[in-house]
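Scroll down for the structure; my scribbles are underneath it.
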Amino acid sequence: MNPGTITNREDFLQRIAKQLGREVDLTPPKRDYKYRPQDDVLKDASEEELLETFRMVATRIHTDLVECESSHLDDTLRLLIGRYDGTRILAENDERISAWAPTTSETFAWWDSSQPKASRELAARADIGITIADAAFAESATIVQYAKPGKSRTISLLPQDHIAIIPKSVLVPRMTQTAQQLAELDQDDLRSPNGVNFISGPSNSADIEMNLIVGVHGPVRVAYILVHDL
């Protein structure tokens with residue numbers, strides 16, 4: 001049995017329905033809403049307006065935002081790592097990182113899905129975790145990371161700091177667009193992610209007398225590198 005697979009679901013529900021003396025309809029309900037205000041948020045925003053919204057909100061959530069072209073990504077990443085005093089770097093196992101930053105990435109450790117325990121130990125000791133965003137929301141400056149082999153949420157959670165590379169092409173108005181994409185991916189078991197992580201800046205809490213404390217649990221600092229021509 002594969003993880004997440006529900007077996008004998010129909011037989012189980014049919015037996016319960018029979019005992020209750022009624023039929024059971026296992027057809028998923030069709031969600032046809034009369035009002036969909038979520039579709040109107042930033043609907044007519046231009047590309048530049050989405051970018052400006054993303055920039056503004058990123059500042060509000062205590063996130064460093066750096067923008068560059070792909071030809072300068074190697075230097076940008078190196079300078080940002082230096083700003084954070086990072087020496088132990090763990091990156092998700094995505095060949096795009098080494099392709100975009102061939103010089104800087106030579107010093108990285110890489111997440112190894114075949115050795116998850118050893119990789120988690122690396123993450124716990126790492127100064128910086130580096131990931132690539134699968135989507136980004138202008139409305140909340142949130143990045144999305146799909147869990148799949150080589151891409152663990154541990155990389156963005158356990159290291160002291162987190163740097164996320166965001167191709168500008170994945171920037172969308174809000175969560176609505178990504179939810180639609182996930183619904184499509186869910187129809188294809190080969191492409192559907194194992195999990196979905198939403199990250200909005202560094203960890204923070206205001207549980208005690210509504211005083212905001214940033215960097216309580218999880219990354220102390222988070223930086224977004226927005227790459228304009230990717």
Side-chain angles (χ1 to χ4, degrees), residues 3 58 61-137 141-171 178 193-205 213-227 230:
I61 62 172
H62 312 284
T63 299
D64 295 326
L65 177 62
V66 182
E67 301 180 48
C68 68
E69 303 293 326
S70 59
S71 59
H72 297 140
L73 180 55
D74 205 345
D75 290 337
T76 301
L77 193 55
R78 175 175 52 80
L79 291 171
L80 195 51
I81 290 172
R83 183 192 303 175
Y84 285 177
D85 296 320
T87 55
R88 294 167 296 186
I89 315 299
L90 178 65
E92 64 183 22
N93 200 346
D94 191 318
E95 61 185 13
R96 292 178 296 172
I97 295 177
S98 55
W100 294 340
T103 302
T104 306
S105 63
E106 289 178 353
T107 62
F108 295 173
W110 302 89
W111 181 271
D112 187 349
S113 298
S114 66
Q115 301 185 54
K117 182 178 179 180
S119 293
R120 284 194 295 271
E121 291 174 352
L122 281 174
R125 297 194 302 268
D127 298 315
I128 298 173
I130 296 179
T131 63
I132 299 176
D134 293 293
F137 307 153
T142 298
I143 61 170
V144 183
Q145 295 183 175
Y146 295 160
K148 59 184 70 172
K151 294 169 67 73
S152 171
R153 67 177 178 177
T154 307
I155 306 168
S156 62
L157 184 64
L158 286 187
Q160 176 174 295
D161 301 314
H162 174 210
I163 297 175
I165 301 170
I166 308 174
K168 191 179 76 171
S169 59
V170 305
L171 182 64
T178 294
N194 300 327
V196 183
N197 304 306
F198 300 97
I199 301 172
S200 300
S203 66
N204 61 81
S205 175
I213 305 297
V214 177
V216 181
H217 36 64
V220 175
R221 293 173 294 192
V222 170
Y224 296 159
I225 301 179
L226 184 66
V227 188
L230 292 177

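In the model, Thr104 has a side-chain atom that pairs as donor or acceptor with a side-chain atom of Asp74 under 3.5 Å.
Rounding to the nearest 0.5 Å places CG of Leu77 at 14.0 Å from NE2 of His72. In this structure, CG in Asp112 is found 12.0 Å from OG in Ser152, a value given to the nearest 0.5 Å. Put simply, CG on Leu122 and CZ on Phe108 are 14.0 Å apart, with the number rounded to the nearest 0.5 Å.
One N or O on the side chain of Glu92 and one on the backbone of Ile132 form a donor-acceptor pair closer than 3.5 Å. Although no hydrogens or angles enter the test, the distance criterion places no donor-acceptor pair under 3.5 Å between the side chain of Tyr224 and the main chain of Glu67. In this structure a side-chain-to-backbone donor-acceptor pair under 3.5 Å is present from Arg88 to Arg125.
Shortest non-hydrogen contact noted between Thr76 and Val66 is CG2-CG1, 3.5 Å. Closest non-hydrogen pair, Pro219 versus Pro202, comes out as O-CB, 3.7 Å. Minimum heavy-atom separation, Gly150 to Ile155: O-CD1, 4.3 Å. Pairing each heavy atom of Thr154 with each of Pro159, the nearest pair is O-CD, 3.4 Å. The two residues Ser113 and Pro149 make their nearest non-hydrogen contact at OG-C, 3.5 Å. Minimum interatomic distance between Ala141 and Ile61 (heavy atoms only, all atoms of both residues): O-CD1, 3.5 Å.
Proximity of Val144 to Val196: side-chain heavy atoms (C-beta onward) are separated by under 4.5 Å at one or more points. Put simply, the side chain of Val227 does not reach to within 4.5 Å of the side chain of Trp100, judged on heavy atoms. Looking at Ile97 and Trp110, their side chains come closer than 4.5 Å, going by heavy atoms from C-beta outward. Asp85 is not listed as a side-chain neighbour of Asp127, based on a closest heavy-atom distance of 4.5 Å or more. Within the 4.5 Å cutoff, side-chain heavy atoms of Arg120 are placed close to those of Trp111. Within the 4.5 Å cutoff, the side chain of Ile81 has no heavy atoms near those of the Arg78 side chain.
When Leu80, Ile165, Asp94, Ile225 are each tested for a side-chain contact (heavy atoms from CB on, under 4.5 Å) with Ile130, only one passes: Ile165. Tested against His162 for a side-chain contact (heavy atoms from CB on, under 4.5 Å), the candidates Thr63, Leu157, Thr131, Val220 yield a single pass: Thr131.
Counting heavy-atom neighbours within 6.0 Å of Arg221 CZ, excluding the residue itself, gives a total above 12.
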- Query: When you look at Lys151 and Asp134, which way does the side chain to side chain contact (heavy atoms under 4.5 Å, CB included) test go after all the steps?
  - Reply: CA-CA 11 Å; Lys151 294 169 67 73; Asp134 293 293; 3.7 Å; yes

- Go through the steps for Tyr146 and Thr178 under the test side chain to side chain contact (heavy atoms under 4.5 Å, CB included), then give the verdict. CA-CA 11 Å; Tyr146 295 160; Thr178 294; 3.7 Å; yes

